[in-house]
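Working notes, beginning with the structure itself.
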Amino acid sequence: MRTLLTGGAGFIGQHVLRELLARGHDVCVLDSLREDVHGRRPWTPPPGVAFVHGDVRDAAAVDRALHGRESVLHLAAKVGLGVDVGDLPDYASSNDVGTAVLLAGMARARIARLVLASSMVVYGEGLGVCPVHGPVAPAPRCQKALAAGQFEPPCPVCGTPLATGLVSESAALDPRNAYASSKVAQEFYAANWARTTGGSVAAMRYHNVYGPGMPRNTPYAGVAAIFTSALRQGKPPQVFEDGGQRRDFVHVRDVAAATVAACEKHDAGVRAFNVGSGTPRTVGEMAAALATAMRGPAPQLTGHYRLGDVRHITADSSRLRAELHWRPRVEFAAGMQELAANA
């Protein structure tokens with residue numbers, strides 16, 4: 001298939017590019033190589049890969065990149081939580097406007113197949129289970145409770161701390177930071193485009209992605225990158241709250257395989273897919289596994305918190321397995337060892 005990959009020079013993008021090439025696809029990469037993501041490092045595409053150095057907000061660059069393509073995998077985005085209200089315009093411009101410009105270009109070029117890199121952050125706190133009221137949407141965590149070390153989100157009805165549950169793709173969207181809001185907007189723009197043009201959309205809601213090439217020492221790096229960076233310096237990983245935050249850490253090669261499978265197999269309608277390993281772990285468990293693998297100091301629980309963070313987000317990825325016949329292949333222990341070896 002002749003496909004356009006936006007953000008193909010990024011962390012996940014480079015793994016998706018390798019997967020596309022391994023499966024025999026003809027690829028063009030569109031990437032702005034923005035400095036806050038790539039630093040000043042040059043990037044050269046692999047042999048046989050066309051490259052347009054441009055921003056998805058630039059309609060002329062988008063049109064050049066789309067020429068002769070049959071499908072689009074849209075990974076280009078500003079990532080990270082967004083820690084200040086001042087970050088909102090950059091997220092809205094980079095992610096929302098960029099996606100809208102790309103979709104308009106796809107309509108002009110009559111390209112009808114889109115895979116969109118979304119995120120599990122669209123769910124906010126996800127699904128909680130109250131011992132009295134059953135499955136509920138967790139109430140927001142307030143600063144007073146967090147400062148007192150009360151980290152579990154409360155039941156919105158009775159205030160009881162909740163157990164965590166798996167979130168399905170049909171759950172209500174509840175974005176709680178700038179990045180999450182931009183991901184929801186991208187999904188809505190893509191759905192609007194699909195309804196108007198008859199195109200197909202696979203919205204891939206990635207979980208906590210880790211693996212080779214993960215960015216280091218940037219405000220947008222994942223928690224695994226932050227931990228390995230500290231351990232390389234001989235420092236203990238600093239774990240926020242009490243380390244009990246539950247996540248689904250999924251290897252980047254598994255994410256790339258799921259993304260390409262969606263490009264190849266999903267060709268009708270709008271469908272969201274959770275992309276996770278299916279085996280939730282705590283942030284504390286990841287920090288301990290990395291410390292052991294790197295023979296570094298044990299993690300330190302700091303009790304610190306950020307209001308934009310969610311306590312637990314673990315989703316059900318069974319739809320992806322059933323409909324696209326995808327299975328994660330990298331086990332957590334092996335992935336941590338690989339991460340440590342490449343740190």
Side-chain angles (χ1 to χ4, degrees), residues 1-29 31 45-46 48-49 69-77 79 113-121 166 168-169 183 187 190 200-215 222 224-225 247-268 271-281 286 314-339 341-342:
M1 190 182 303
R2 299 186 305 277
T3 190
L4 170 64
L5 172 62
T6 75
F11 163 46
I12 299 175
Q14 291 194 57
H15 287 272
V16 172
L17 177 57
R18 292 188 192 101
E19 186 73 13
L20 285 166
L21 295 176
R23 297 193 189 190
H25 296 286
D26 178 331
V27 187
C28 174
V29 168
D31 202 300
V49 173
R69 300 292 117 184
E70 300 171 289
S71 62
V72 174
L73 293 86
H74 181 33
L75 274 66
V79 300
R113 185 178 295 196
L114 172 68
V115 177
L116 173 68
S118 187
S119 171
M120 51 81 186
V121 297
L166 295 180
S168 74
E169 290 90 348
K183 286 284 134 182
E187 290 197 23
S200 66
V201 178
M204 313 302 287
R205 293 174 179 169
Y206 299 154
H207 280 254
N208 291 74
V209 185
Y210 73 94
M214 191 166 49
R247 298 289 188 270
D248 189 330
F249 298 104
V250 58
H251 196 279
V252 67
R253 288 196 296 272
D254 287 332
V255 167
T259 304
V260 177
C263 180
E264 294 174 340
K265 297 176 181 178
H266 181 76
D267 61 0
R271 198 72 163 151
F273 295 97
N274 291 329
V275 185
S277 71
T279 307
R281 309 275 180 172
M286 169 175 260
T314 53
D316 180 358
S317 299
S318 59
R319 176 185 290 180
L320 177 62
R321 297 172 186 240
E323 296 185 12
L324 300 185
H325 309 294
W326 168 89
R327 295 289 185 278
R329 298 185 180 278
V330 182
E331 296 290 341
F332 180 76
M336 292 298 103
Q337 288 287 344
E338 180 189 35
L339 195 60
N342 289 280

Worksheet item: For the side chain of Thr6 and the backbone of Ala76, is there at least one donor-acceptor N/O pair under 3.5 Å apart?
Response: yes

Worksheet entry | Heavy-atom donor-acceptor pair, Asp248 side chain to Ser277 backbone, under 3.5 Å | yes

Worksheet item: Within the distance-only criterion (no hydrogens, no angle test), does the side chain of Arg113 pair as donor or acceptor with the backbone N or O of Cys263 below 3.5 angstrom?
Response: yes

Fill in: Sub-4.5 Å side-chain heavy-atom contact between His25 and Glu19
no

Practice prompt. Ignoring hydrogens and angles, tell me if any N or O in the side chain of Arg69 forms a donor-acceptor pair with the backbone of Thr3 under 3.5 Å.
Written response: yes

Discussion item. Tell me whether Asp254 contacts the main-chain N or O of Arg329 through its side chain, where contact means a donor paired with an acceptor under 3.5 Å.
Written reply: yes

Response to the item:
Note: Glu187 and Ala203 closest approach over all heavy atoms is CD-CB, 3.9 Å

Practice prompt. Verify, without hydrogens or angle tests, whether Arg271 (side chain) and His266 (backbone) share a donor-acceptor contact under 3.5 angstrom.
Written response: no

Discussion item. Using modelled atom types and a 3.5 Å cut-off, is there a donor and acceptor pairing between side-chain atoms of Ser317 and backbone atoms of Gly278?
Written reply: no

Worksheet item: Okay, side chain of Asn208, backbone of Arg247: is any donor-acceptor separation there less than 3.5 Å?
Response: no

Practice prompt. Could you label the plane-to-plane angle of the Phe249 and Phe332 rings as parallel, tilted or perpendicular, counting under 30° as parallel and over 60° as perpendicular?
Written response: tilted

Worksheet item: Would a distance-only check, ignoring hydrogens and angles, find a side-chain to backbone donor-acceptor pair under 3.5 Å from Lys183 to Ala117?
Response: yes

Item to complete: Under the side chain to side chain contact (heavy atoms under 4.5 Å, CB included) rule, what do Tyr206 and Val250 come out as? Steps first, then yes or no, please.
Response: CA-CA 8 Å; Tyr206 299 154; Val250 58; 5.9 Å; no

